[in-house]
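A short worksheet on the structure shown next.
Just so you know, these numbers come straight off a predicted model, no measurement behind them. First the proteins, then the strands, lettered A, B, ... as listed; each starts at 1.
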Amino acid sequence: MRLIRDDETGRREGRIVEVEAYGGSDDRASHARFASTLRNRVMSGPPGIAYVYLVYGMYDCLNVVTEVEGKPGAVLIRAVEPLIGMARMRVDRLAVASRRRAARTAVGMAMSRERMASVADHRLASGPGLVAAAFGVDTAVTGVDLCDPRSSLRLEQPPDDPTRETVEASARVGVAYAGDDWASRPWRFAIARHRSVSGRGTGR
DNA sequence: ACAACGATCAACT
DNA sequence: GTTGATCGTTGTC
């Protein structure tokens with residue numbers, strides 16, 4: 001699917017190339033492992049709705065609720081291949097980076113800006129925190145209907161693409177705390193060898 | 001009330 | 001390969 005953000009400054013659009021699945025109360029890696037709370041409540045609501053949470057006190061992560069109402073479940077959007085609006089993506093990424101300015105010197109910020117400007121277009125949204133930053137998504141987006149064509153942030157089915165690509169399944173990232181049973185489940189899905197997928201190295 | 005920690009990222013050795 | 005930044009959520013007392 002395509003991820004689209006329309007606002008007064010124009011359009012941002014990208015192709016989702018990496019996701020992870022999160023289940024219900026039995027999934028020890030899922031936020032739904034807790035009883036319904038203020039934060040995860042939306043996960044058991046109707047499907048197609050955005051669930052955004054803050055991780056590590058610093059980054060927002062965008063999820064799509066996937067199961068029928070009453071059954072918790074969501075898909076985390078981990079990486080997007082930018083197609084439209086890359087200039088605005090850079091601006092919003094900088095805004096997120098500058099939140100960290102308190103601990104940084106002026107020189108450090110200048111260097112940070114330099115590095116940011118040197119990030120290749122195809123790496124602008126190569127991680128869940130980066131997807132949210134590039135598309136201007138924060139926790140206030142929780143509850144938005146991503147399937148409504150009138151929503152500023154939404155999903156759209158692209159025209160049929162004749163390209164055939166391999167989707168690779170692997171273990172979810174950063175969930176070792178859940179124990180081997182759940183951490184090793186191959187619930188991370190990515191387009192094989194795609195250069196916009198998250199992870200180290202630019203050699204994709 | 002309080003302590004611990006995380007579905008991350010970038011800078012560092 | 002290791003580590004610091006930073007704060008809302010969760011579990012414990």
Side-chain angles (χ1 to χ4, degrees), chain A residues 3 16-44 49-67 72-80 89-90 92-120 122-135 137-143 169-190 196-202 204:
Chain A
L3 179 66
I16 299 172
V17 296
E18 178 186 354
V19 298
E20 278 175 1
Y22 286 88
S25 57
D26 55 333
D27 183 354
R28 305 314 293 162
S30 173
H31 288 174
R33 69 185 182 277
F34 308 111
S36 184
T37 65
L38 216 55
R39 180 176 69 160
N40 70 15
R41 191 175 50 83
V42 68
M43 273 187 81
S44 51
I49 303 300
Y51 167 45
V52 184
Y53 64 88
L54 182 69
V55 264
Y56 299 105
M58 197 162 304
Y59 298 100
D60 294 293
C61 290
L62 172 64
N63 296 257
V64 186
V65 177
T66 49
E67 303 299 325
V75 161
L76 169 67
I77 299 180
R78 286 193 56 89
V80 165
M89 293 182 192
R90 287 179 192 280
D92 276 14
R93 272 180 51 133
L94 272 176
V96 170
S98 64
R99 275 197 222 150
R100 299 154 50 132
R101 88 173 89 71
R104 300 195 173 281
T105 64
V107 174
M109 267 305 288
M111 287 175 61
S112 184
R113 277 170 180 271
E114 279 302 310
R115 300 225 172 188
M116 197 69 76
S118 74
V119 172
H122 70 270
R123 302 295 294 176
L124 281 172
S126 294
L130 299 176
V131 169
F135 282 79
V137 169
D138 63 20
T139 55
V141 170
T142 292
S170 58
R172 293 174 292 183
V173 176
V175 296
Y177 63 84
D180 279 351
D181 278 3
W182 289 98
S184 64
R185 285 205 183 204
W187 284 3
R188 171 176 177 250
F189 303 93
S196 295
V197 168
S198 71
R200 293 287 166 168
T202 53
R204 289 180 184 281

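- Distance, A:Asn40 CG to C:dG11 C1': 15 Å, rounded to whole Å.
- Here the OH-CZ distance, from A:Tyr22 to A:Arg33, works out to 10.0 Å after rounding to the nearest 0.5 Å.
- Here A:Tyr177 reaches the OP1 or OP2 of B:dA7: one of its side-chain N or O atoms lies under 4.0 Å away.
- Relative to the side chain of A:Arg93, the nucleotides B:dT8, C:dG8, B:dA10 differ in distance, and B:dA10 lies closest.
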Under the criterion side-chain contact (heavy atoms from CB on, under 4.5 Å), I'd like the reasoning laid out for A:Val197 against A:Arg188: C-alpha separation, chi angles, the key distance, then a yes or no. CA-CA 11 Å; A:Val197 168; A:Arg188 171 176 177 250; 3.7 Å; yes
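- Side chain of A:Leu54, nearest nucleotide from B:dA7, C:dC7, C:dG11: C:dC7.
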Stepwise side-chain contact (heavy atoms from CB on, under 4.5 Å) check, A:Val119 with A:Leu124: CA-CA 7 Å; A:Val119 172; A:Leu124 281 172; 4.2 Å; yes
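- Ion pair A:Glu20/A:Arg78 flagged as a salt bridge, since at least one NZ, NE, NH1 or NH2 atom sits closer than 4.0 Å to an Asp/Glu carboxylate oxygen.
- Atoms CE (A:Met58) and C1' (C:dT9) sit 16 Å apart, rounded to a whole Å.
- Using a 4.0 Å heavy-atom criterion, one finds that A:Leu130 contacts the sugar-phosphate atoms exclusively.
- Taking 4.5 Å as the limit, every side-chain heavy atom of A:Met89 sits out of range of all side-chain heavy atoms of A:Val80.
- Note that the CZ atom of A:Phe135 and the CG atom of A:Asp92 stand 10.5 Å from one another [nearest 0.5 Å].
- Using a 5.5 Å limit on the distance between ring centres and a 30° limit on the angle between planes, the aromatic ring of A:Tyr56 counts as stacked on the six-membered base ring of B:dT8.
- OP1 or OP2 of B:dA7 sits under 4.0 Å from a side-chain N or O of A:His31.
- Across all strands, A:Thr37 comes closer than 4.0 Å only to sugar-phosphate atoms, never to a base (heavy-atom distances).
- Distance noted for atom P between C:dT6 and B:dC12: 15 Å (whole Å).
- As rounded to whole Å, 11 Å separates atom P of B:dA7 from atom CZ of A:Arg78.
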Nucleotide-level pairing of DNA chain C, given in dot-bracket where Watson-Crick and G-U pairs need both distances under 3.5 Å and | marks other strands: |||||.||||||.
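- Residue A:Tyr53 is classed as a base contact, given a heavy-atom separation below 4.0 Å to a base.
- Separating the CZ atom of A:Arg28 from the P atom of B:dA7 is a distance of 13 Å, rounded to the nearest angstrom.
- Here the P atom of nucleotide B:dT8 and the CG atom of A:Leu124 are 19 Å apart, to the nearest Å.
- For the P atoms, the distance from B:dC5 to C:dC13 is 14 Å, rounded to whole Å.
- Put simply, CZ on A:Arg39 is 7 Å from P on C:dT9, counting in whole angstrom units.
- Residue A:Tyr22 contributes atom OH, which lies 13 Å from atom P of B:dG6 at whole-angstrom precision.
- With hydrogens and angles ignored, the 3.5 Å screen pairs a side-chain donor or acceptor of A:Ser30 with a backbone N or O of A:Gly23.
- In this structure, CE in A:Met43 is found 8.0 Å from NE2 in A:His31, a value given to the nearest 0.5 Å.
- Atom CG of A:Asp60 and atom P of C:dC7 are 12 Å apart (whole Å).
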